[in-house]
Amino acid sequence: MENKTLVVYFAQRGNDIKGHCPKIAAKAADCLRKKGIEAETFAITPAETYPEDFNEMEMAVKAELASHARPELTSKHSGMKLVKDIVLVVPNWWNALPPAVNTFLDGYDFNEKRIIPIVSHGGDGGKDIECELRKLLPKTRVMPVVEISDKDTDDCDEKVARAIDELLTNN
Ligand SMILES: Cc1cc2nc3c(=O)[nH]c(=O)nc-3n(C[C@H](O)[C@H](O)[C@H](O)COP(=O)(O)O)c2cc1C
């Protein structure tokens with residue numbers, strides 16, 4: 001069947017159910033399910049794990065961002081051609097996408113698809129990331145960003161539901 005909906009999220013350490021993005025993605029998939037849409041989920045996870053120490057991690061990420069690195073991912077999605085709508089849940093990393101998300105975006109043809117970005121952040125929102133996505137994917141319909149602050153992750157069901165409604169009503 002074509003025109004599938006896919007929930008894609010950044011998971012720094014694979015099955016990281018504690019991360020904000022995995023939690024928000026689970027809420028989005030649940031919300032879609034309640035509306036009768038069985039959406040598959042897909043995690044964007046770098047093959048090489050970042051250091052546990054935050055300062056070391058920060059240095060590694062900054063080096064990647066400066067060199068426009070495209071770190072290898074743990075897996076590739078095999079059915080992207082059948083996907084029409086993508087709920088993309090990503091963190092704000094210095095007002096940019098994590099490099100691994102760029103690897104994901106480089107890996108498929110997103111022309112004619114729709115992306116609804118949900119940005120999980122620590123206070124800076126996600127407007128820069130919406131702009132970055134529009135620049136990277138000029139032929140993709142990038143919907144207005146949904147911003148979820150870390151302190152609201154556990155209570156964001158209504159916000160996520162509104163975003164899904166937007167996706168479903170604006171075909
Ligand atoms: C490397 C790094 C850089 C970050 N930079 C920012 C930032 O510039 N602005 C902001 O609001 N939050 C920033 N944050 C906070 C994250 O966006 C936020 O905690 C997010 O919810 C993390 O999602 P996760 O738990 O799924 O990884 C940063 C976090 C990390 C790890």
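Just so it is clear, the structure is predicted and the values come from calculations on it, not from any experiment. Quick note: residue numbers are just sequence positions, from 1. As the structure lists them, so they are numbered: ligands from 1, and atoms in each ligand from 1.
The protein residues lying under 4.0 angstrom from ligand 1, judged by non-hydrogen atoms, are Gly19, His20, Cys21, Pro22, Phe54, Met57, Pro91, Asn92, Trp93, Trp94, Asn95, Ser120, His121, Gly122, Gly123, Asp124, Asp150.
Taking both residues in full, the closest heavy atoms of Val83 and Lys113 are given as O-NZ, 2.8 Å, listed atom of the first, atom of the second, then distance. Scanning both residues, Asp154 and Lys23, for their nearest heavy atoms gives OD1-NZ, 3.5 Å. Heavy atoms only, all atoms of each residue included: Lys76 and Tyr108 are closest at CG-OH, 3.3 Å.
Under the side chain to side chain donor-acceptor pair (under 3.5 Å) criterion, Arg141 pairs with no residue at all, not counting sequence neighbours.
Classified by interplanar angle (parallel below 30°, tilted 30° to 60°, perpendicular above 60°), the ring pair Phe110/Phe104 is tilted.
Atom OG1 of residue Thr5 and atom CG of residue Asp85 lie 4.5 Å apart, to the nearest 0.5 angstrom.
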